[in-house]
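The model shown is predicted, which means the values in this text are computed figures rather than measured ones.
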Amino acid sequence: MPDLRRQVLESGKTISRKAASREGSRSASRVSSAQHSRQSSRNASRQPSDDEETASLSDSTAWSIASLDDLNDNPDLGNVDWTQELHDVIEDLLERKRSSVQGREAALAAFCRISKFHYVEEEIRIRIKDLLSVFLKSIKTQSSERETTLALQALELLAISAFDNTIYENTEPLITRTIRDSTSNSVKAAAIHCLSCCAAFGGAGEDSIFGQMTFFLDIVASDGQSIDATDDPDSVTAAIQEWGFLATEIDDLEAESEEAVQIFLDQLNSEHSQVQIAAGENIALLYEKSYSPQEDYNDQNSDEEDDSEEELFSGDRGGTRLVKRYDAYHNTYEIERELQSLATVHSKRISKKQKKNLHSSFISILTTIEDPRRGPMYNTAIDQDTGRHYGSRAIVKIGDSAMNIDRWWKWIRLNTLRRILRGGFSEHYYQGNRAVLDSLPVMMRITAQTDRAGARKAAKSRSHARKWAALDHSDEEI
């Protein structure tokens, strides 16, 4: 893979001193990582057994159930003629010479809608090369911002539906060039998302994934300056989110952890809440990855003094113990102090909604930093008297089924699929989309007993949150 840093410098793009100064250490660490890292966790960490999932769903003392309604909202569900419509749309896309910008925009929008809300793998199987060519032409010519953005979104959906291992190699050079050279920040952000999706689902190897992570980290470290999108929150947020998504594919990030945490720590001072939350979630992921399962653990050791529920994988009642392998960052106290500030922020310059998002997100993130064996939490709050965190580890309800989201890698992957598929997620999952099934744990049907237990636990957590909110009299918005 070409040296992305060198390409940027040779093209005359400006790079922040902070990003440039880190390049030397990063190159050295990459060699060390390549020699010592284990294989990607893409297949090994995917799906726990049905028994483990069932045990987790029945554990009313540890879990609450949250519903992500946008994963069930499929406005195209009743469209019984979608296959014929898709065929017509593809024909319209292939007739590019006779089309107008407006016509291509309409056809691309229709393709995105159909392939988002329906699993189209069988229908597009023999047209993948043709569709790739059409999408890449729209991306290359950039006739309009909308056409380019829609083409990038269509390419994402093609990658996640087709599961074709040639997509990345055929698209990476153009998408990377688009990120650097487009005059539209919206196109740059869409291209960052698209590049990550093509890497994850389109056949990129571990070296290529590391290369794209380095590219995205440079964007974050330079606040978008490295791609001529200085201080653009959408581009920086996209780079942070997609770095995290690709990082879930890598098992060993010891060599990268210190530098990455520092860069994301800097972004916690951003003026934009979406940048802060994305950076915080990546820090939590890196701390989580500093722990790994202890090999040859025996249940007979369960009476040891350090044996507690928090030392087990959330959702794994089989006795797998998490053991610290390395320090994710040299100064955890500094991170905790920053996260504590964000978890209790009372600035009158931000809206109540932003405040609520920051509070809940950073309480959950702080819980993991304090003990990386704890995953994401829902209904989170802090008791102002004791400083204790209240919350429940999460089961996400999708329709009449539920999924354990007890680790940050699961949460980050779910959010990526949620962004791409929205209400089509359930359709892709139940119709057997391999990209979706390989990314997340299995969903289990919710019984009436489990649902009631989850409701009781969630109600208890909400009660704690209300008590905490009653103590807070400075949350008025001007």
Side-chain angles (χ1 to χ4, degrees), residues 41-74 77 117-119 160 163 248 288 293 299 309-322 364 368 373-380 391-462:
S41 63
R42 178 172 177 82
N43 294 322
S45 65
R46 284 303 189 219
Q47 300 177 4
S49 70
D50 290 355
D51 291 340
E52 292 170 354
E53 291 288 329
T54 304
S56 299
L57 289 175
S58 63
D59 181 6
S60 62
T61 65
W63 303 93
S64 65
I65 295 180
S67 177
L68 300 181
D69 292 334
D70 58 341
L71 294 180
N72 298 305
D73 184 16
N74 187 340
L77 193 60
F117 295 123
H118 305 276
Y119 182 36
I160 203 170
F163 213 68
T248 68
E288 177 179 277
D299 282 342
E309 183 179 355
E310 286 76 20
E311 289 179 316
L312 305 179
F313 264 122
S314 302
D316 184 351
R317 299 295 180 260
T320 303
R321 185 192 296 265
L322 287 173
S364 182
T368 296
R373 294 166 294 192
R374 296 174 179 167
M377 302 170 73
Y378 280 96
N379 303 315
T380 52
S392 301
R393 287 174 246 168
I395 289 176
V396 173
K397 183 179 179 181
I398 303 171
D400 62 352
S401 299
M403 180 184 297
N404 285 350
I405 304 297
D406 56 340
R407 309 298 293 163
W408 283 102
W409 68 263
K410 297 179 186 179
W411 174 251
I412 289 171
R413 286 181 186 173
L414 177 62
N415 274 338
T416 297
L417 295 173
R418 184 183 179 190
R419 178 188 61 79
I420 298 170
L421 299 174
R422 291 292 175 179
F425 176 87
S426 296
E427 185 73 11
H428 282 258
Y429 186 94
Y430 288 115
Q431 292 299 319
N433 185 324
R434 286 171 290 175
V436 175
L437 294 176
D438 284 352
S439 295
L440 291 167
V442 296
M443 285 198 289
M444 300 297 295
R445 186 173 298 277
I446 302 174
T447 65
Q449 180 181 1
T450 302
D451 213 359
R452 287 193 298 271
R456 288 195 301 271
K457 187 64 178 178
K460 183 177 180 181
S461 294
R462 286 194 296 270

What are the two closest non-hydrogen atoms of L437 and G432, and how far apart are they? CD1-CA, 3.6 Å
For Y119 and I160, what are the C-alpha separation, side-chain angles and deciding distance, and is it a side chain to side chain contact (heavy atoms under 4.5 Å, CB included)? CA-CA 10 Å; Y119 182 36; I160 203 170; over 6 Å; no
Less than 3.5 Å apart, any donor N or O on the side chain of Y430 or S401 sitting next to an acceptor on the other? yes
Heavy-atom closest pair, residues H428 and V436: CB-CG2, 4.1 Å
By side-chain contact (heavy atoms from CB on, under 4.5 Å), E427 pairs with (sequence neighbours left out) N74, L77, Q431
Can you find a side-chain donor-acceptor pair between R413 and T248 that sits under 3.5 Å? yes
Identify the heavy atoms of P376 and R407 that sit nearest to each other, and give their distance. CD-C, 3.5 Å
Closest approach of P441 and Y429, non-hydrogen atoms and distance? O-OH, 3.7 Å
Starting at CH2 of W411, measure out to CG of L414 and round the result to the nearest 0.5 Å. 6.5 Å
The side-chain hydrogen bond (donor to acceptor under 3.5 Å, both in side chains) partners of T416 (sequence neighbours excluded) come to none
Just do the side chain to side chain contact (heavy atoms under 4.5 Å, CB included) check on F425 and L440 with the steps written out, would you? CA-CA 12 Å; F425 176 87; L440 291 167; 3.8 Å; yes
Minimum side-chain heavy-atom gap R418-L71 below 4.5 Å: yes
G424 to F117 - nearest heavy-atom pair and separation: N-CD2, 3.6 Å
